[in-house]
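Report on the following structure.
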Amino acid sequence: MTGSQGSQSFRSRSRQWSALACVVLAGVALLAFAQQHPVFGLLALCGAATLFKGSALNPRHARRPARVAQTVLPASGRRRPLRKAA
C-alpha cells in the first residue's frame, strides 16, 4: 500500500466521523432548545456548523473531480506562439 492510498483512506474516515459528530451535535442543539437552554443550543449549532465543513455531508466533498491526467508536451519541447483573436 502506498502512502497516498493510506492518507486517502484516513481522509475518508475522518470525513465520516465528522459527519457523525455533526449530526449528533445538531441533535443535541435541538434537545437543548427544546429544554429552554438557548446558549447551549447555539454553541452546539456552532459546533455542528464547524464540523459540517469537513464532513461527508458537505456537497463539495460529494462531487470530487477525477484525477487530472498530466499532459505531455511535444518531443521538441517548444511551445507554439499564441494566436491573436481577430
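Taking Ile, Leu, Val, Met, Phe, Trp and Tyr as hydrophobic and joining them when side-chain heavy atoms fall under 4.5 Å apart, one finds Phe33 in a cluster with Leu42, Leu45. Hydrophobic side-chain contacts under 4.5 Å tie Leu25 into a cluster, directly or through other members, with Leu51.
The side chain to side chain contact (heavy atoms under 4.5 Å, CB included) search around Gln36 returns none, not counting sequence neighbours.
The minimum heavy-atom distance between Ala48 and Cys22, with the atom names listed, is O-SG, 3.3 Å. Between Ala44 and Ala29, the shortest heavy-atom distance links the atoms CB-CB, 3.7 Å.
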